[in-house]
Structures are given as C-alpha cells and as structure tokens.
Amino acid sequence: MKILNGETRMKYKHTFSEAKTFHKYGVDITKYDFSLEDCNLVYESTEDGHFEEFYSDVSTYIWFIIEGIGTYVIDDEKVAVEEKDVVVVPPKHRIHYFGKMKMILITTPPFNEKYEHHVRDVNKSENPYK
C-alpha cells in the first residue's frame, strides 16, 4: 500500500530490485513484500537443493517449477518434478528437495517464522543428482 494525496492505494507492481534476497540451506530466495493477509510469494533458485527438512504448522506451500528438474521429499515420499509442475504441501508435512531448479513459491497464509519448524539439516550425500 502507498499513500497518494492522503489516500491509501494498492501497489500493483513489485520489482525484483525492491524485494529482499537471501540464501538459506542451498537456496537463493527473493521475497516480495505484498503485505497481504492471505498469501505471499518468493522466487527460489537452487543449484543442488534445499538442505533443510522443515514443516509449517499453518501454511500450505505451493511451488511452481519454472525451470529444471528435481525431487521433493515430502514425509519421506520422493516426488520427481520438472518444469511446469506444481507441488502442493499442506501444513504439518515435512519437506526438503534436491535438484537444479528455478521456482515460484506461494505460501498461504503468508510465511511466518514462528510457525516454521526445523526438523534436521539434510546431508548433501543424500542428493540423488550428485
């Protein structure tokens, strides 16, 4: 939201340069701040995978694979993915993944660190692509 002439207006465009980028467990993450109550969106890029097994108490994670191939491990089930696939993981399901991919992640409700739980660091030797 922004204020123009004393009026609150919705911001329609969000640029990559305005977003916050950081690195976490093998993934470059760019978080766009929409300040929405029902969802948020991040761009993710990885050369090898996400080497943390984690879960959320409340958020559903929805990944759209833009490019690449990989394997998601959801509650120990291996799910092979490729570009244009969508992966949907409801709350309270453990997640990590391997592969070289570019993805969009939508979380609903929005990601909140207090609801995400670290299960374990994933050993890189588990990566089936190396």
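The analysis underlying the following values was restricted to heavy atoms, covering all of them including side chains, and did not include hydrogens, waters or symmetry mates.
- Under a cutoff of 6.0 Å and an axis angle of 45°, Lys20 and Phe22 form a cation-pi pair.
- In the displayed structure, Lys24 atom NZ is contacted under 6.0 Å by more than 12 heavy atoms of other residues, nucleotides or ligands.
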Residue pair Tyr129, Thr71: steps toward the side-chain contact (heavy atoms from CB on, under 4.5 Å) verdict: CA-CA 9 Å; Tyr129 299 97; Thr71 300; 2.7 Å; yes

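- Closest approach of Val58 to Pro109, counting heavy atoms only: O-CD, 3.4 Å.
- Here the rule is salt bridge (charged side-chain N to carboxylate O under 4.0 Å, His left out) with Arg94, and of Glu116, Glu53, Glu77 only Glu53 fits it.
- In this structure, CG in Asn40 is found 9.0 Å from CD1 in Ile106, a value given to the nearest 0.5 Å.
- Criterion: ILVMFWY side-chain heavy atoms under 4.5 Å apart, direct or through other members. Under it, Met101 and Phe51 are not part of a common hydrophobic cluster.
- Taken from OH in Tyr72 to CG in Asp85, the straight-line distance is 10.0 Å, to the nearest 0.5 Å.
- Hydrophobic cluster membership differs between Ile69 and Val81, with clusters built from Ile, Leu, Val, Met, Phe, Trp and Tyr side chains linked at under 4.5 angstrom.
- Residues Thr46 and Asp28 are not in side-chain contact: their nearest non-hydrogen atoms beyond the backbone lie 4.5 Å or more apart.
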Pair Asp121-Tyr25, side-chain contact (heavy atoms from CB on, under 4.5 Å): steps then yes or no: CA-CA 8 Å; Asp121 290 343; Tyr25 293 99; 3.2 Å; yes

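- At most 12 heavy atoms of other shown residues, nucleotides or ligands fall within 6.0 angstrom of atom OH in Tyr115.
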Intermediate values then yes/no, side-chain hydrogen bond (donor to acceptor under 3.5 Å, both in side chains), Thr21 and Tyr43: CA-CA 9 Å; Thr21 299; Tyr43 171 77; over 6 Å; no

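- For Asp57 against Pro91, the heavy-atom pair with the smallest separation is O-CB, 3.5 Å.
- In this structure, Phe64 is not a member of the same hydrophobic cluster as Val42, with clusters built from ILVMFWY side-chain heavy atoms closer than 4.5 Å.
- Checked by atom type, the side-chain pair Glu52/His96 shows no donor-acceptor distance below 3.5 Å.
- Between Tyr97 and His50, a ring centre-to-centre spacing shorter than 6.0 Å is recorded.
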Stepwise side-chain contact (heavy atoms from CB on, under 4.5 Å) check, Met103 with Ile66: CA-CA 5 Å; Met103 304 160 284; Ile66 298 168; 5.6 Å; no

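- You'll find the ring centres of Tyr55 and His117 inside the 6.0 Å limit.
- Salt-bridge check for Lys100 with Glu82: failed, with every basic side-chain N at 4.0 Å or more from each acidic carboxylate O.
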Phe16/Thr30 under side-chain contact (heavy atoms from CB on, under 4.5 Å): CA gap, chis, key distance, verdict: CA-CA 8 Å; Phe16 185 81; Thr30 303; 3.4 Å; yes

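- Between Phe98 and Val122, the closest side-chain pair of non-hydrogen atoms falls below 4.5 Å.
- A salt bridge is defined here as a Lys NZ or Arg NE, NH1 or NH2 lying under 4.0 Å from an Asp or Glu carboxylate O, and Lys13 with Glu18 fails to meet this definition.
- Nearest heavy atoms, Ser59 versus Pro110: OG-O, 3.7 Å.
- Annotation: the span from Arg120 atom CZ to Phe54 atom CZ amounts to 12.5 Å, rounded to 0.5 Å.
- One distance of note links CD of Glu67 with NZ of Lys84; it measures 11.5 Å at 0.5 Å rounding.
- Across all non-hydrogen atoms, the minimal contact from Ala19 to Lys31 is CB-O, 3.3 Å.
- Taking CD1 from Ile104 and OH from Tyr32, the interatomic distance works out to 7.0 Å, rounded to the nearest 0.5 Å.
- Contact detail for His93 and Ile95: the closest heavy-atom pair is O-CG1, 3.3 Å.
- Contact of the Glu44 side chain with the Trp63 side chain is registered, since non-hydrogen atoms from C-beta on lie closer than 4.5 Å.
- Among all heavy-atom pairs drawn from Leu41 and Phe34, the shortest one is CB-CE1, 3.6 Å.
- A distance of 8.5 Å separates OG in Ser56 from CG in Asn112, rounded to the nearest 0.5 Å.
- In this structure, Thr108 contributes its side chain and Asp38 its backbone to a donor-acceptor pair below 3.5 Å.
- Under the 4.5 Å side-chain heavy-atom criterion for ILVMFWY residues, a single connected hydrophobic cluster contains both Ile74 and Val27.
- A distance-only check finds a donor-acceptor pair linking the side chain of Asn127 to the backbone of Asp48 [under 3.5 Å].
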